[in-house]
Amino acid sequence: MHKPVKYFEKGLTLAAKGVWYVFERANRIRPNPSPTPKWSDKPLLKSYEKTKPPLGWPRSTDSLCPRCVPEIRQQILDGKLPYEVLLNERVGEVKAQIIEREGKILMVKDCPEHGRFEDVMSIDPEFSRHLEQVFPGRDIRAHNDENLHHHGSSTIKYGRGSVLTIDLTNRCNMMCDPCFMDANQVGFVHELTWEEIKQLLDNAITIKPKRQMSVQFSGGEPTLSPYFLDAVGYARKVGYNSVQAATNGIEFAKSFEFAQQAAEAGLRYAYLQFDGIGNAANAHRKVGNLFDVKLKAIDNLHRAGVEIVPVVTIVNGINNEQVGRIIQFALDNPKKIGFLSFQPVSFTGRDEAITDERRMAQRYTLSHLAHDVKTQTGLGEPARDWFPISFMATFSDWADLMHVNDANNNWGQLSCGCHPNCGTGMAVMIDKETKEVVPVTAFLHGDQLAKDIAKVNDAARGKSLSGLGMALCLMKNYDPFRSPTHLRLFDLLQKFDKNYNVTGRNYGKVGPDRTIEDVMKRRKDRWNFLFIAGMWFQDLFNYDFRRTEQCIIPYATQEGEISFCAYNTGVGWRNIIEKMHMTATLSKWYEEHGRHEIFAGGKNVKMESTEHSLLLRDGIVTTEEQRDLDRLGIAKNAREEKIRARDAKQKNDPAYHARMAALYREVVLKEKAPVSENGFLPLGALVKPKANGNGNGDQVHATKPEIEAGLPLAGD
């Protein structure tokens, strides 16, 4: 039975509908022109002025051939082609068709040289149709960006982006599968100098519209850079209010003091690699106690004042069964986790040369995610409660309008204007005290709310009327009988005020001048919006240039700012730019700096303590690895795939059998087999430099665990 206050609130919602009827019609009269804010040379867009890429299906788009592109990229890396061909020619490009067939959405494309390629984009057309239908349109066209956006077909054209990514180093202290950048395996070190880091941050704030972007320091593992803390501090100094680190958490787990130093420097979020609940669920990362590391990192970071976003790379057959467990873990710890980012695997980096068999078995889409959340947790309806990440742009537009004349408003709101196929999410409201959870769009009619707010935005009234309009929109679309038991309409209005700073009330500052006291003040809120997000990065098999041109996650590089997908997949700008600006070869780096510690081959991370304050139910801890692919006889990763291919080739190779016979004679029979006769390489010939890098020519044998872990040897 509902409490009396719920009936009172129902009356308020009915009254709000009546007031809205009058307000909205009056608001149509002589709407004001869109203002031009200080952070843009172009006026804010009204809803009907926003453009959209071709949507629906069947439709045609521009894509890439998965076989042509690696070949052309290699020619550039080998010096046989100038990289300028990427600026002036449409290398590797083919037309693609997006179609519906047998209840799935597919991308189909034909290359004159390499034939046909097909891949699944969605297993639920209704879900995908909903995402495209509620897409509000593209952001303001990027301008004042000629010096940074100049990458041919891969050029970013719309908006300012939401998260600027800066790779501080390509060195990493893990050897993961999957890895979209193939860390520790490219044969050289690419590590930014302090001057380069400052230059990239200074360049970024020249582009308009000047959105309130987050800066994410990444890698490799960014904490390995000697300038990590300095970079965090400088980003905060030049005005970014949200500084993040994409990290595996090892350094934060090893040292609470380091987490404190990062927080004091200005780190606001840790995007923490997090693949499942339990060490078995993380076993594919080849670190023996990786889950223990995650728990300790979360505990240390939260205590220090840094917010945590678990980032989950989902691979079908590897850890898709972890979706519900991870969400339950977040629901059990609402005071420590307020955001989850699921990232369906992108077959690039170590996995670019994947076989069709493994690709089809491991492919995981945003539609898979929405259905797994429903199946494994019971939360949400895919075609009702999931929206494109860009859906929030309507709310950002309203906040931009509200603050356009503020004296110190030199930045626009964070605006996620990406393509509807790029990212999606569902918000759930959690009572931190009772842990009751309800999808927000179960009690707040999302589709209609966005349409109503767009009408407020289009009228472009002053701050008071726009604020009143938002309040009416929330009230008329609120269903108190479907909201959490203890949630009040006032709580909802207060939540929006906290997020968008409408009334000026101090909920704890979030800007560059925030303190640890501000962090703790904001955490006192009883209600937590847990946003369950899915961000699907492209690979060569599903590449769409309409997505690339409105990317919200650009990479800042020495050659300008490049779309996330164009940098890591696409034509592969990462490989080219890192090679152009490499710091040193591996052997030279090791000689001068020594080797950093790498955790692989089941090696454990040593921590001072494994104690933590998180709630961890025994029922969600995984004790055995997911074995779906083993039962299907399909390789789990690129390394295993290469081994199988080698073994298959060797079965029919007489030379291989001769080498194995020679190995038997040397190791078992203690005979010496001459190299010149059979090509056999004695075990003692496999050497690498000593870890101390003293340059004196001392050699040590590579150990079996290092070889199995795929650790780089001299000359790799």
- Query: Partners of Lys498 by salt bridge (Lys or Arg N to Asp or Glu O under 4.0 Å), sequence neighbours excluded?
  - Reply: Asp525
- Query: How many angstroms lie between atom OG of Ser563 and atom NE2 of His149, to the nearest 0.5 angstrom?
  - Reply: 9.5 Å
- Residues which pass salt bridge (Lys or Arg N to Asp or Glu O under 4.0 Å) with Glu381, listed by chain and number, not counting sequence neighbours: Lys374
- Query: Looking at CD1 of Ile453 and OG of Ser396, how far apart are the two atoms once the value is rounded to the nearest 0.5 Å?
  - Reply: 10.5 Å
- Sidechain-backbone polar pair: Asp139 side chain, Gly417 backbone, donor-acceptor under 3.5 Å: no
- Rounded to the nearest 0.5 angstrom, the CG-NZ distance for Leu474 and Lys495 is 13.5 Å
- Item | Polar side chain donor-acceptor pair, Tyr507 to Asn501, under 3.5 angstrom | no
- Task: For the pair Asp299 (side chain) and Leu295 (backbone), establish whether a donor and an acceptor sit closer than 3.5 Å, ignoring hydrogens and angles.
- Result: no
- Item | Short side-chain to backbone donor-acceptor contact, Ser162 and Ser415, under 3.5 Å | yes
- Task: Give a yes or no answer on whether the side chain of Asn333 reaches the backbone of Leu614 with a donor-acceptor pair at less than 3.5 Å.
- Result: no
- Task: Return the set of residues passing salt bridge (Lys or Arg N to Asp or Glu O under 4.0 Å) with Asp41 (not counting sequence neighbours), or none when no residue passes.
- Result: Lys208
- Message: Does this structure show an ion pair linking Glu264 with Arg236, if we count only N-O contacts that are shorter than 4.0 Å?
- Response: no
- Query: Can any side-chain N or O of Ser255 pair as donor or acceptor with the backbone N or O of Phe258 at less than 3.5 Å?
  - Reply: yes
- Checking salt bridge (charged side-chain N to carboxylate O under 4.0 Å, His left out) for the pair Glu126/Arg384: CA distance, chi angles, key distance, verdict? CA-CA 10 Å; Glu126 182 184 1; Arg384 182 197 71 184; over 6 Å; no
- Query: Which heavy atom of Lys46 sits nearest a heavy atom of Pro33, and at what distance?
  - Reply: NZ-C, 4.2 Å
- Message: Taking side-chain hydrogen bond (donor to acceptor under 3.5 Å, both in side chains) as the cut-off, I'd like each qualifying pair that reaches into residues 462-475, sequence neighbours left out, listed once.
- Response: none
- Got a donor-acceptor contact below 3.5 angstrom from the Arg461 side chain to the Asn27 backbone? yes
- Kindly indicate, with the supporting measurements, whether the criterion side-chain contact (heavy atoms from CB on, under 4.5 Å) is fulfilled by Arg268 and Val306. CA-CA 5 Å; Arg268 187 176 177 190; Val306 178; over 6 Å; no
- Item | From CA spacing to verdict: salt bridge (charged side-chain N to carboxylate O under 4.0 Å, His left out), Glu307, Arg523 | CA-CA 10 Å; Glu307 308 303 332; Arg523 287 179 177 177; 3.0 Å; yes
- Side-chain donor or acceptor of Asn144 paired with backbone N/O of Thr206 under 3.5 Å: yes
- Any residue meeting ring-ring contact (aromatic ring centres under 6.0 Å, His included) with Trp39, in chain and number order, not counting sequence neighbours: none
- salt bridge (Lys or Arg N to Asp or Glu O under 4.0 Å) partners for Glu9, two or more places apart: none
- Message: Looking at every heavy atom in both Ile389 and Thr424, which two are closest together, and how far apart are they?
- Response: CG1-N, 3.6 Å
- Message: Just checking Phe387 against His130, ring centres under 6.0 Å apart?
- Response: yes
- Would you please say whether a donor-acceptor pair under 3.5 Å links the side chains of Tyr271 and Thr247? no
- Query: Can you check whether Gln199's main-chain N or O pairs, donor with acceptor, with Asn203's side chain at less than 3.5 Å?
  - Reply: yes
- Does one side chain, of Gln448 or Lys476, offer a donor that lies under 3.5 Å from an acceptor on the other? no
- Item | Ion pair Lys435/Asp431, N-O distance below 4.0 Å | no
- Query: Is the distance between the ring centroids of Phe342 and Phe274 under 6.0 Å?
  - Reply: no
- In terms of heavy-atom contacts, Lys521 and Asn506 come closest through NZ-O, 3.2 Å
- Task: Apply side-chain contact (heavy atoms from CB on, under 4.5 Å) to Phe135 and Leu131, showing your working.
- Result: CA-CA 6 Å; Phe135 171 58; Leu131 296 185; over 6 Å; no
- CG/Asp202: more than 12 non-hydrogen atoms of other groups inside 6.0 Å: yes
- Query: Any idea which heavy atoms bring Gly266 and Val232 closest together, and the distance?
  - Reply: C-CG1, 3.5 Å
- Task: Please lay out, stage by stage, how Glu433 and Lys335 fare under the test side-chain contact (heavy atoms from CB on, under 4.5 Å).
- Result: CA-CA 9 Å; Glu433 302 303 323; Lys335 295 182 180 181; 4.1 Å; yes
- Which pair of heavy atoms, one from Ile337 and one from Pro310, lies closest together, and at what distance? CG2-CD, 3.8 Å
- Message: Applying side-chain contact (heavy atoms from CB on, under 4.5 Å) to Val311 and Gln273, what does each step give before you reach the verdict?
- Response: CA-CA 5 Å; Val311 179; Gln273 176 201 60; 5.8 Å; no
- Geometric class of the Phe496/Phe529 ring pair [parallel <30°, tilted 30-60°, perpendicular >60°]: perpendicular
- Query: Salt bridge check: are Arg28 and Asp458 linked by an N-O gap of less than 4.0 Å?
  - Reply: no
- Query: Checking Asp497 side chain against Val502 main chain: does a donor-acceptor pair fall under 3.5 Å?
  - Reply: yes
- Tyr555 pairs by ring-ring contact (aromatic ring centres under 6.0 Å, His included) with which of Phe217, Phe537, Phe564? Phe564
- Item | Lys210 side chain to Ser40 backbone, donor-acceptor under 3.5 Å | no
- Report yes or no: do Thr485 and Glu436 form a side-chain donor-acceptor pair below 3.5 Å? yes
- Message: Please report the interatomic distance CG(Asn410) to CD1(Ile205), rounded to the nearest 0.5 Å.
- Response: 10.5 Å
- Item | Candidate pair Thr394 and Asp397, rule side-chain hydrogen bond (donor to acceptor under 3.5 Å, both in side chains), full reasoning | CA-CA 5 Å; Thr394 301; Asp397 292 345; 5.2 Å; no
- Which is it for Arg129 and Glu132 under the salt bridge (charged side-chain N to carboxylate O under 4.0 Å, His left out) test, yes or no, and what are the steps along the way? CA-CA 5 Å; Arg129 188 176 295 109; Glu132 295 191 356; over 6 Å; no
- Task: Any chance you could lay out the salt bridge (charged side-chain N to carboxylate O under 4.0 Å, His left out) test for Asp406 and Lys38, step after step, and finish with the verdict?
- Result: CA-CA 10 Å; Asp406 290 0; Lys38 288 185 288 185; over 6 Å; no
- Charged N to carboxylate O below 4.0 Å: is that the case for Arg160 and Glu561? yes
- When rounded to the nearest 0.5 Å, the distance separating CG of Asn499 from CD of Gln413 is 10.0 Å
- Query: Regarding Ser242 and Ser214, is there a side-chain donor-to-acceptor distance under 3.5 Å anywhere?
  - Reply: yes
- Heavy-atom closest pair, residues Ala204 and Tyr240: CB-OH, 3.3 Å
- Any side-chain donor near an acceptor of the partner, Lys509 and Thr515, under 3.5 Å: no
